[in-house]
Amino acid sequence: MAGLPQAVPARPFFLAAAPGQRFCLYHPPAGACRGALLYLHPFGDEMNKSRRMAALQARALAALGYGVLQIDLHGCGDSSGDFADARWDGWKDDVALAAAWLRAETGQPVALWGLRLGALLALDCARMPGAAPAAVLLWQPLVNGATFLTQFLRMKMANQLLSEGADSGSGTKALRETLRAGSPLEVAGYELAPAMADAIEALDTKALAVAGCPVHWFEVVSAAGRAIAPAAARIGAAWEQAGVDLRVHVVHCLPFWATQEIAECPALLAATAAALTDTTP
């Protein structure tokens, strides 16, 4: 990103919402505004692991002339509520509220940029009546919600699996039954509400096709030259048949949202900036 103009310092603020307020960080564009992006963070501890990458990308895009807004969704980060209070429809309301603020601030149509589960939230919100994003940027979107929920629940089973050798399928099945009975579960320090679990499990990425704007899928791979995962490729093929203007970008770097130490991926930052500037008037 060498040679970019100096970005204006980011501005933190609280956005009035229902209930409470949402913590936001706005990165004003350097010079004339050429577009606006709203970042939607991933789920649970993945949000914390990816904060640095989100901030680096936001600053880089602001230096290119984009207004970028980061929001902590309800029950997350510094926003009102506990994680147990979070609901999928409430998060969609947060996205609509933040997008309206960003449009008013920049005078530009808003592009949605999401990571992991945040990518599925971006897709779901882009399909809402009247949403019409300028573009959708997907960083390592989940293949489907059910698989992700299973992986999340397995964190609760980890100690039991190691000590007793219990079958992971039966373990997560029992946890799902607890949720379906209406009882929340604490997983890795996060209290998961049954309603949120149901909403995540019902997410089908293949069915979240978005037409009418460019959709950029950024796939992180572990080795240079490796292709996009087969399951993701099948989703992409189905989207293209449905008329999605899909652009796939394969980037070699660490899965920074899941590494033990905070990691960076300069290649992803560069690929995202290049893709956005190539498709934004």
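Basis for what follows: all heavy atoms, side chains included, without hydrogens, waters or symmetry-related copies.
- Residues Met47 and Phe256 do not share a hydrophobic cluster, defined by chaining ILVMFWY side chains whose heavy atoms lie under 4.5 Å apart.
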>> Is there a side-chain contact (heavy atoms from CB on, under 4.5 Å) between Leu61 and His27? Walk through the geometry before answering.
In response: CA-CA 9 Å; Leu61 293 176; His27 302 261; over 6 Å; no
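- If you run side chain to side chain contact (heavy atoms under 4.5 Å, CB included) between Leu112 and each of Leu138, Leu123, Val95, Leu137, only Val95 comes through.
- By the 6.0 Å contact criterion, CZ on Arg52 is open, its count of non-hydrogen atoms from other residues, nucleotides or ligands being 12 or less.
- Taking the side chain as every heavy atom from C-beta outward, Leu15 and Tyr26 never approach each other to under 4.5 Å.
- Here Trp101 and Phe13 bring their ring centres to under 6.0 angstrom of each other.
- Judged purely by distance below 3.5 Å, without hydrogens or angles, the side chains of Trp139 and Thr272 pair a donor atom with an acceptor atom.
- Side-chain N/O atoms of Arg226 and Ser222 include a donor and acceptor closer than 3.5 Å.
- No single ILVMFWY cluster, assembled from side-chain heavy atoms under 4.5 Å apart, contains both Phe23 and Trp91.
- Distance NE2/His216 to CG/Leu276: 7.0 Å, rounded to 0.5 Å.
- Every residue two or more places apart in sequence or in another chain was checked for a ring pair (Phe, Tyr, Trp, His ring centres under 6.0 Å) with Trp88, and none qualifies.
- Applying the ring pair (Phe, Tyr, Trp, His ring centres under 6.0 Å) test to Trp217 and every residue at least two apart in sequence or in another chain returns Trp239.
- Annotation: disulfide (SG to SG under 2.5 Å) contacts of Cys253 (sequence neighbours excluded): Cys265.
- Listed by first and then second residue, the ring pair (Phe, Tyr, Trp, His ring centres under 6.0 Å) pairs that reach into residues 40-62 are Phe43-Phe83, Phe43-Phe148, Phe43-Phe152, sequence neighbours excluded.
- Nearest heavy-atom pair, Gln57 versus Ala273, reported as atom, atom and distance to 0.1 Å: NE2-N, 4.2 Å.
- Partner of Ser79 under the side chain to side chain contact (heavy atoms under 4.5 Å, CB included) criterion, chosen from Gln21, Arg22, His74: Arg22.
- Enclosure of atom CD in Glu261 is not indicated, since only 12 or fewer non-hydrogen atoms of other residues, nucleotides or ligands lie within 6.0 angstrom.
- Among residues at least two apart or in separate chains, salt bridge (Lys or Arg N to Asp or Glu O under 4.0 Å) pairs with a member in residues 74-92 are Lys92-Asp124.
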>> Run Glu46 and Arg51 through salt bridge (Lys or Arg N to Asp or Glu O under 4.0 Å) and show every step you take.
In response: CA-CA 9 Å; Glu46 290 185 358; Arg51 276 194 184 275; over 6 Å; no
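- Here the straight-line distance linking atom CD1 of Ile71 with atom CG of Leu40 works out to 8.0 Å at 0.5 Å rounding.
- Looking only at side-chain heavy atoms (C-beta outward), Asp245 and Cys213 stay at 4.5 Å or farther from each other.
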Identify each donor-acceptor pair in which a side-chain atom of residues 195-204 lies under 3.5 Å from a protein atom, sequence neighbours left out, and give them as a table.
unit_1	atom_1	unit_2	atom_2	d
Glu201	OE1	Arg176	NE	3.3
Glu201	OE2	Arg176	NE	2.7
Glu201	OE2	Arg176	NH2	2.9
Asp204	OD1	Lys206	N	3.2

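- To the nearest 0.5 Å, atoms NZ (Lys173) and OG1 (Thr178) are separated by 12.5 Å.
- Two residues are said to be in side-chain contact when any heavy atoms from C-beta on lie closer than 4.5 Å; Tyr66 and Thr106 fail this criterion.
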